[in-house]
Q: 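One structure, pasted below without further comment.
A quick note: this is a predicted structure, and the numbers were derived from the prediction, not measured. Chain A is the first sequence line, chain B the second, and so forth, proteins listed ahead of strands; every chain is numbered from 1.
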Amino acid sequence: MPELPEVETIRRDLARVLRGQRVVSFAVKRPKLLRNPRRAFSRYLVGSTITNVERRGKQLIFKLNSGYSLLIHLKMTGQLVWKSSRGKISAGGHPIAGVAQVPNRYTYIVISLGDKSNLYFNDVRQFGYFHLVPTNELAQVFRKLSPEPLSRSFTFSWLDMAFKRRGRTTVKAAILDQGIAAGIGNIYADESLFVARIKPSRRVSSLSEKERQALWRAIRGVLRRAVQARGTSFNSYRDGLGRQGTYWARRLAYGRAGQACVRCRHVLQRSRVAGRGTTHCDICQR
DNA sequence: CACTTGACCTGTCCGC
DNA sequence: TGCGGACAGGTCAAGT
């Protein structure tokens, strides 16, 4: 589910409330969601202090003072929701409308913190995972990911080089590749291609320099605006305080098949590209 | 090696 | 109302 903007939103919310907190206990109902033996969590997570909450691509990184980092991947339906000791999911002491109830039947992991607040991990489809990694091995774990798309190192010339490795595949498959654009998923792939006016089924090798530049710009612009909107919610996504994001109302292509293109008013088409449901405008995307 | 497909899970929606 | 099938935001292993 969550792509870069959603994970970044969760990261920001959780960093505020978790930084400096000690992990008091760790309860797991679905051991298969753990990538390490349970004893590793007892040794390196429980009793440690969370020094920071970071993000790389679609993964969250809880930096711990034990020398380890906790990596969390939410995959399709994972949620991380924090609840204060007062039992209220709130920001600045004010209750928020539309919050997720926690814990619930899909709450599989609970982390209890020193101030008696709790962090709940819910995951209907159980694809997500918790992975403890020595902090000095993080670079190795992330070695196949592209530079962060919103960072200065994600330059056009870097992307252009990366595209040369994927010349024969479709442009949609290419930008879904986490080694090309870490953090892009199905929503923001369709949004970026719409903004860049490129058909998702085009071969990468057929793109002109101008089109590749438009796509590079579109990826960054779409992700930046989605982060500003606190991500997209249409089903299970909730931010770090259980709230929904607002990008859904601003989307241009994803999930709008059958509706009018905002540029040319033709009906947006639904298709399958790179094995994924895809929406595009057959008239103004070339 | 490059690329595509199926599997992992559960829930929802749609047609019959 | 019930049932079967398709589909869902991600990523791997296994296949071509």
Q: Might you confirm whether atom NZ of A/K210 has over 12 heavy atoms from other residues, nucleotides or ligands at distances under 6.0 Å?
A: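 Counting neighbours around NZ of A/K210, 12 or fewer heavy atoms of other residues, nucleotides or ligands fall under 6.0 Å, so no.
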Q: With rounding to the nearest 0.5 Å, note down the distance linking CD1 in A/I72 to CG in A/D123.
A: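 One gets 11.5 Å once the value is rounded to the nearest 0.5 Å.
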Q: Considering only heavy atoms from C-beta outward, does the side chain of A/Q126 approach that of A/R30 to under 4.5 Å?
A: yes
Q: Return the polar atom pairs (N/O with N/O) between nucleotides 9-11 of chain B and the protein under 3.5 Å, or none.
A:
residue	atom	partner	partner atom	Å
B/dC9	OP1	A/K32	NZ	3.4
B/dC9	O5'	A/K32	NZ	3.4
B/dC9	O2	A/R125	NE	2.9
B/dC9	N3	A/R125	NH2	3.4
B/dG11	OP1	A/Y106	OH	2.4

Q: Kindly confirm or rule out a cation-pi arrangement of A/R263 over A/F194, judged by NZ or CZ under 6.0 Å from the six-membered ring centre and within 45° of its axis?
A: yes
Q: Rounded to whole angstrom, note down the C1' distance from B/dC3 over to C/dG9.
A: 23 Å
Q: Should A/Y254 be listed as having a side-chain N or O under 4.0 Å from OP1 or OP2 of C/dG9?
A: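 Yes.
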Q: According to side chain to side chain contact (heavy atoms under 4.5 Å, CB included), who are the partners of A/N36, at least two apart in sequence or on a separate chain?
A: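 Once residues adjacent in sequence are excluded, the partners of A/N36 under the side chain to side chain contact (heavy atoms under 4.5 Å, CB included) criterion are A/A40, A/F41, A/H131, A/L132.
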Q: Can you tell me if the side-chain N/O atoms of A/H73 get under 4.0 Å from OP1 or OP2 in C/dT11?
A: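 It does, given that an N or O in the side chain of A/H73 lies less than 4.0 Å from OP1 or OP2 of C/dT11.
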Q: Suppose the criterion is salt bridge (charged side-chain N to carboxylate O under 4.0 Å, His left out): which pairs have a residue in residues 146-156 of chain A, not counting sequence neighbours?
A: A/R55-A/E148, A/R56-A/E148
Q: Could you work out the separation of C/dA6 and B/dG6 based on their C1' atoms and round it to a whole Å?
A: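 That atom pair is separated by 15 Å.
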Q: Round to a whole Å and report the spacing from CD of A/Q59 to P of C/dT11.
A: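 For the pair A/Q59 CD and C/dT11 P, the rounded distance is 8 Å.
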Q: For B/dC9 and C/dA13, measure between their P atoms and round to the nearest Å.
A: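 The same atom, P, in both gives a distance of 15 Å.
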Q: Hey, are the side chains of A/V227 and A/L4 touching, using non-hydrogen atoms and a 4.5 Å cut-off?
A: yes
Q: Do A/Q59 and A/Y129 have side-chain N/O donor and acceptor atoms under 3.5 Å apart?
A: yes
Q: Quick check for you: to the nearest 0.5 Å, what is the distance between A/L119 atom CG and A/T107 atom OG1?
A: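 Result: 10.5 Å between the selected atoms.
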Q: For a quick test of reading the model: is some side-chain N or O of A/Q178 closer than 4.0 Å to OP1 or OP2 of C/dG10?
A: no
Q: Does A/K75 place a side-chain N or O at less than 4.0 Å from the phosphate oxygens OP1/OP2 of C/dT11?
A: no
Q: Tell me the interatomic distance from A/E6, atom CD, to C/dG10, atom P, rounded to whole angstroms.
A: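 Rounded to whole Å, this separation is 9 Å.
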Q: Check DNA chain C for consecutive Watson-Crick or G-U pairs with both distances under 3.5 Å and list the runs of at least three as stems.
A: B:2-8 with C:10-16, B:10-16 with C:2-8
Q: Would you say the side-chain atoms of A/S153 and A/W158 include a donor-acceptor pair closer than 3.5 Å?
A: no
Q: Please list, chain by chain and in numerical order, all residues satisfying side chain to side chain contact (heavy atoms under 4.5 Å, CB included) with A/S157, sequence neighbours excluded.
A: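 With sequence neighbours excluded, A/S157 shows a side chain to side chain contact (heavy atoms under 4.5 Å, CB included) to A/T155, given in chain and number order.
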Q: Please tabulate, one pair per line, each protein N/O and nucleotide N/O from nucleotides 3-5 of chain B that are separated by under 3.5 Å, including the distance.
A:
residue	atom	partner	partner atom	Å
B/dC3	OP1	A/R168	N	3.2
B/dC3	OP1	A/T169	N	3.4
B/dC3	OP2	A/R166	NE	2.8
B/dT4	OP2	A/T169	OG1	3.0

Q: Measuring only the P atom in each nucleotide, how far is B/dA7 from C/dG5? A whole number of Å is fine.
A: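 Result for the P pair: 15 Å, nearest Å.
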Q: Applying a 4.0 Å non-hydrogen cut-off, can you work out what A/G128 is touching in the nucleic acid: base, sugar-phosphate, or nothing?
A: nothing
